[in-house]
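Sequential numbering from 1 along the given sequence is applied to the chain's residues.
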Amino acid sequence: QVQLVESGGGLVQAGDSMRLSCAASERTFGRYSVAWFRQAPGEERDFVAAIRRDGGSPFYADSVKGRFTISRDNAKNTVYLAMNSLKPEDTAIYYCAADPRTDLPKVPSYWGQGTQVTVSS
């Protein structure tokens, strides 16, 4: 069972940039599709971005398209989420999730504990 650990969260101002990391416990992390989700206080958890096993065909929620970039380094067993032009509405707990299935399901099998991102106006 793969374990995921997110890092890189914190407090920034609107317009700033931040990069989140998701480190996996398995050297076979390259066999997993990976996604980022986020959950704001009082809100449901929302999809943010996802990337396939080989790093191809990343896709994004409309709310972050053009500002966020998901990438992966399978040699380091890590997936990244680079976030630019951050807005207060990006404030949330960000979760990394992974699944070994070819098509990433809506609810992936494995989840990290989350990292808090707070964007002040």
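Side-chain atoms of Arg72 come within 3.5 Å of backbone N or O of Arg52 as a donor-acceptor pair. Side-chain atoms of Thr115 come within 3.5 Å of backbone atoms of Gly9 as a donor-acceptor pair (strictly under, hydrogens ignored). No donor-acceptor distance shorter than 3.5 angstrom exists from the side chain of Gln13 to the backbone of Ser120, with no hydrogens or angles considered.
Of the charged side-chain nitrogens involved, none lies within less than 4.0 Å of a carboxylate oxygen, so that Lys87 and Asp90 do not count as a salt-bridged pair. No salt bridge links Arg101 with Asp103; every basic N to acidic carboxylate O contact stays at or beyond 4.0 Å.
For the disulfide (SG to SG under 2.5 Å) condition, the pairs that include at least one residue of residues 11-120, sequence neighbours left out, are Cys22-Cys96. Each side-chain hydrogen bond (donor to acceptor under 3.5 Å, both in side chains) pair with one or both residues in residues 17-28, not counting sequence neighbours, appears once here: Ser17-Asn84, Glu26-Thr28, Glu26-Tyr32.
Centroid-to-centroid, the aromatic rings of Tyr110 and Phe29 stay 6.0 Å apart or farther.
The heavy-atom pair separating Ser121 from Ala14 by the smallest distance is CA-CB, 4.3 Å. A pairwise comparison of heavy atoms in Leu81 and Tyr94 identifies CD2-CD2, 4.1 Å as the closest pair.
Follow the hydrophobic side-chain contacts under 4.5 Å out from Leu20 and you never reach Trp111; the two are in separate clusters. Note on Leu4: it does not cluster hydrophobically with Leu104, by side-chain heavy-atom contacts below 4.5 Å among ILVMFWY residues. By the rule that hydrophobic residues join a cluster once side-chain heavy atoms approach within less than 4.5 Å of another member, Tyr95 and Val48 end up as members of separate clusters.
Taking the six-membered ring where tryptophan is involved, the planes of Phe47 and Phe37 are perpendicular, since the angle between them exceeds 60° and thus also 30°.
Looking only at atom types and distance, the side chain of Ser109 has a donor-acceptor partner in the side chain of Asp99 under 3.5 Å away.
Residue Tyr80 belongs to no hydrophobic cluster, having no ILVMFWY side-chain heavy atom closer than 4.5 Å to its own.
Atoms OG1 and CD, on Thr91 and Gln116 in that order, are 7.5 Å from each other to the nearest 0.5 Å.
Remark: Gln3 CD is loosely packed, at most 12 non-hydrogen atoms of other residues, nucleotides or ligands lying under 6.0 Å away. For Gln113, the CD atom is loosely surrounded, since the number of other residues' heavy atoms within 6.0 Å does not exceed 12.
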